[in-house]
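Everything on this sheet refers to the single structure shown next.
Below, chain A is the first sequence line, B the second, and so on; all start at residue 1. Atom set for the values below is all heavy atoms of this structure, side chains included, hydrogens, waters and symmetry mates excluded.
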Amino acid sequence: MHGANKAAFALVDCNNFYASCEKLFRPDLKYTPVVVLSNNDGCIVARSKEAKALGVKMGMPLFQAQAMIRQYGIVCFSSNYALYADLSNRVMTILEEEAPRLEVYSIDEAFLDLTGIEYVMDLLTFGKQLKAKVDKWTGITVGVGIAPTKTLAKLANEAAKRYPATGAVVDLMNPERQKRLLSLVDVSDVWGVGRRITERLRARGIRTALDLANANPRVIRSEFSVVLERTVQELNGVSCLDLELVRPTKQQIICSRSFGHRITEKQELREAIAKYTTRAAEKLRREKRLCRVVNVFIRTSPHAQGGRYGNALSVELPNPTDDTRDLLDVTEVLFCRLWRDGFRYMKGGVMLADFYEYGVYQQDLFRTNSMKTNSQALMKVVDRINHSGHGSVFFASQGVSPQWAMKRNHLSPAYTTKWEELPKVW
DNA sequence: TCTGGGGTCCTAGGACCC
DNA sequence: TCTGGGGTCCTAGGACCC
């Protein structure tokens with residue numbers, strides 16, 4: 001290859017991210033097993049190294065883990081997304097300084113484009129320096145996997161985690177090393193291969209990542225999908241997935257939550273739906289979009305012993321809007337049509353879809369413009385107050401002192417918003 | 001008693017059009 | 001005997017991810 005740089009990606013991933021965030025502010029828990037719970041303290045969604053070693057499983061319902069928690073003195077935290085988002089930003093900022101072309105893939109992971117860096121510095125050395133810098137400046141430890149494709153970078157990152165001798169940094173640019181690692185990895189550990197596809201692959205005798213890499217891409221395409229075909233190419237070092245540098249605008253916005261307790265009163269569920277509508281409208285305005293399709297759903301627990309009920313309704317608005325009041329009008333009507341007496345509701349939510357940019361939509365000629373007077377100015381004020389961290393302006397339909405609010409019995413304090421409480425490392 | 005939330009992409013099939 | 005064929009749009013559902 002003349003003139004063309006060989007593509008190189010790094011995947012940087014924070015170790016046990018939520019649990020690490022909590023521990024950062026609790027040095028007394030340094031060697032204590034810690035878990036972080038999902039909304040409503042329902043499931044375990046993150047585990048510290050110690051908790052993993054004790055056999056606490058990801059996604060385990062809290063009630064099933066209670067015995068272990070007592071037995072081993074595991075410390076539980078309710079999820080505190082404001083804290084995690086803040087620490088994530090710190091990590092991403094440092095990564096961006098070292099490798100400006102980066103894709104923030106999730107709250108605790110980023111892909112970096114390292115193409116060309118090999119001419120300046122050995123990639124393994126670069127990775128080690130990057131890790132050291134993030135560890136030192138944030139107190140969050142990361143693993144780094146480097147490879148010619150994103151899919152291989154993911155595997156390199158897994159290996160960095162699995163083999164302590166690597167110092168949590170693995171350079172998988174070399175094809176021989178790729179083959180050796182692929183032969184050791186179960187096919188289910190490949191990025192993009194989930195439970196279903198694993199089963200189907202196994203039925204065809206494809207068990208390791210190397211088996212999948214050696215499969216015929218055309219056959220994989222016809223028997224599975226173009227998605228899996230790309231995976232095969234990527235495992236062979238042919239890059240098919242580029243960095244997504246600019247976050248594509250959302251196609252839909254969902255606000256839903258399981259309730260802190262089962263809801264049987266219509267008014268209570270109505271308030272919850274209004275609250276989700278309000279939150280969805282905020283997200284919509286942050287995206288700088290108008291929406292045209294609104295969907296509301298409510299349901300009982302799928303595990304409910306008594307009657308089960310679940311239903312959803314959508315409506316298309318005459319004109320796209322981002323006005324909370326327009327959306328509340330609509331979700332209220334949909335909710336009333338969905339509601340049935342006599343069930344114990346567990347969950348409800350609001351979904352917005354069919355987005356438009358400001359001023360770029362076809363007016364409905366047979367209706368007057370439904371945008372309310374001064375709507376933009378008013379919504380801006382409401383958003384500003386709600387993001388100021390002091391109290392909130394809310395719409396009366398949300399109710400004043402909601403009974404349905406999330407259970408968060410183990411919430412950590414708002415560390416990162418109070419300067420005095422920041423740990424020394426910062 | 002108690003089981004997360006929020007997304008993405010792809011495909012198949014039906015409706016509709018010319 | 002033999003019922004057009006191809007394109008587009010939309011939706012539902014499946015599969016995956018963190």
Side-chain angles (χ1 to χ4, degrees), chain A residues 11-19 35-47 57-67 69 76-81 84-85 88 103-111 150-151 154 157-158 187-201 220-231 240-241 244 247-262 276 279-280 283-284 287 292-293 295 297 299-306 308 312 314 316 344 346-355 406-409:
Chain A
L11 176 63
V12 180
D13 169 89
C14 301
N15 298 339
N16 317 318
F17 185 56
Y18 297 170
V35 297
V36 177
L37 308 172
S38 64
N39 290 321
N40 287 310
D41 297 344
C43 290
I44 289 167
V45 293
R47 308 153 294 158
K57 295 281 177 263
M58 182 71 174
M60 208 181 216
L62 179 60
F63 73 93
Q64 280 175 15
Q66 282 299 0
I69 287 168
C76 300
F77 288 94
S78 300
S79 44
N80 183 347
Y81 289 101
Y84 312 148
S88 174
E103 172 190 351
V104 176
Y105 180 70
S106 73
I107 193 163
D108 67 341
E109 278 175 68
F111 285 104
K150 285 170 129 182
T151 305
K154 270 270 189 188
N157 182 280
E158 286 296 310
V187 75
S188 62
D189 291 331
V190 174
W191 192 37
V193 177
R195 198 168 42 86
R196 292 304 178 100
I197 290 179
T198 298
E199 276 173 33
R200 290 171 56 198
L201 287 172
I220 293 292
R221 180 185 195 134
S222 65
E223 293 190 19
F224 292 85
S225 67
V226 291
V227 181
L228 196 61
E229 184 198 17
R230 282 200 284 260
T231 301
C240 303
L241 305 171
E244 286 167 28
R247 191 177 49 102
T249 48
K250 289 189 203 307
Q251 304 294 307
Q252 56 178 10
I253 288 170
I254 300 174
C255 280
S256 77
R257 207 112 332 175
S258 297
F259 308 123
H261 65 96
R262 299 291 183 257
Y276 300 149
R279 205 180 298 150
K283 288 193 196 176
L284 182 66
E287 289 284 315
R292 202 162 163 184
V293 167
N295 173 286
F297 65 91
R299 63 176 161 88
T300 62
S301 165
H303 310 284
Q305 298 302 310
R308 289 175 207 171
S314 290
E316 185 170 325
R344 301 175 67 239
M346 179 195 78
K347 187 174 182 177
V350 172
M351 186 178 111
L352 307 180
D354 195 9
F355 295 160
M406 272 202 288
K407 248 194 319 197
R408 290 173 98 186
N409 292 334

Which residues share a side chain to side chain contact (heavy atoms under 4.5 Å, CB included) with A/Ala110, sequence neighbours left out: A/Met92, A/Leu95, A/Leu102, A/Leu112
Qualifying residues under ring-ring contact (aromatic ring centres under 6.0 Å, His included), relative to A/Phe77, sequence neighbours excluded: none
Same-atom distance (P) from B/dT3 to C/dC17, integer angstrom: 25 Å
Results of salt bridge (Lys or Arg N to Asp or Glu O under 4.0 Å) for A/Glu223 - residues two or more places apart only: A/Arg204
By ring-ring contact (aromatic ring centres under 6.0 Å, His included) - contacts of A/Phe63 (at least two apart): none
Shortest non-hydrogen separation from A/Ser78 to A/Asp41 and the atoms involved: OG-OD1, 2.8 Å
Bracket notation of DNA chain B in which parentheses pair within the strand, [ ] cross earlier pairs, and | pairs with another strand (Watson-Crick or G-U, under 3.5 Å): ....||||||||||||||
Test ring-ring contact (aromatic ring centres under 6.0 Å, His included) applied to A/Phe297 - qualifying residues, sequence neighbours left out: none
Partners meeting side chain to side chain contact (heavy atoms under 4.5 Å, CB included) with A/Asn15 (sequence neighbours left out): A/Asp13, A/Thr141, A/Lys161
Residues forming a side chain to side chain contact (heavy atoms under 4.5 Å, CB included) with A/Lys250, sequence neighbours excluded: A/Arg247, A/Ile253, A/Glu287, A/Phe355
Find every protein N or O atom lying less than 3.5 Å from an N or O atom of nucleotides 1-5 of chain B, and list the pairs.
{"from": "B/dT3", "atom 1": "OP1", "to": "A/Arg262", "atom 2": "NH1", "distance (Å)": "3.4"}
{"from": "B/dT3", "atom 1": "OP1", "to": "A/Arg262", "atom 2": "NH2", "distance (Å)": "3.1"}
{"from": "B/dG4", "atom 1": "O4'", "to": "A/Ser38", "atom 2": "OG", "distance (Å)": "3.1"}
{"from": "B/dG5", "atom 1": "OP1", "to": "A/Ser258", "atom 2": "N", "distance (Å)": "2.2"}
{"from": "B/dG5", "atom 1": "OP1", "to": "A/Ser258", "atom 2": "OG", "distance (Å)": "3.2"}
{"from": "B/dG5", "atom 1": "OP2", "to": "A/Ser258", "atom 2": "OG", "distance (Å)": "3.0"}
{"from": "B/dG5", "atom 1": "OP2", "to": "A/Lys347", "atom 2": "NZ", "distance (Å)": "3.2"}
{"from": "B/dG5", "atom 1": "O3'", "to": "A/Ser256", "atom 2": "O", "distance (Å)": "3.4"}
{"from": "B/dG5", "atom 1": "O3'", "to": "A/Arg257", "atom 2": "NH2", "distance (Å)": "3.3"}

Non-neighbouring partners of A/Ser258 that pass side chain to side chain contact (heavy atoms under 4.5 Å, CB included), sequence neighbours left out: A/Asn40, A/Met346, A/Lys347
Those residues that, when tested against A/Tyr84, pass ring-ring contact (aromatic ring centres under 6.0 Å, His included) (two or more places apart): A/Tyr18, A/Tyr81
Under 4.0 Å protein heavy-atom contacts per nucleotide of nucleotides 7-18 of chain C, with B for base, S for backbone only and - for none: --------SSSS
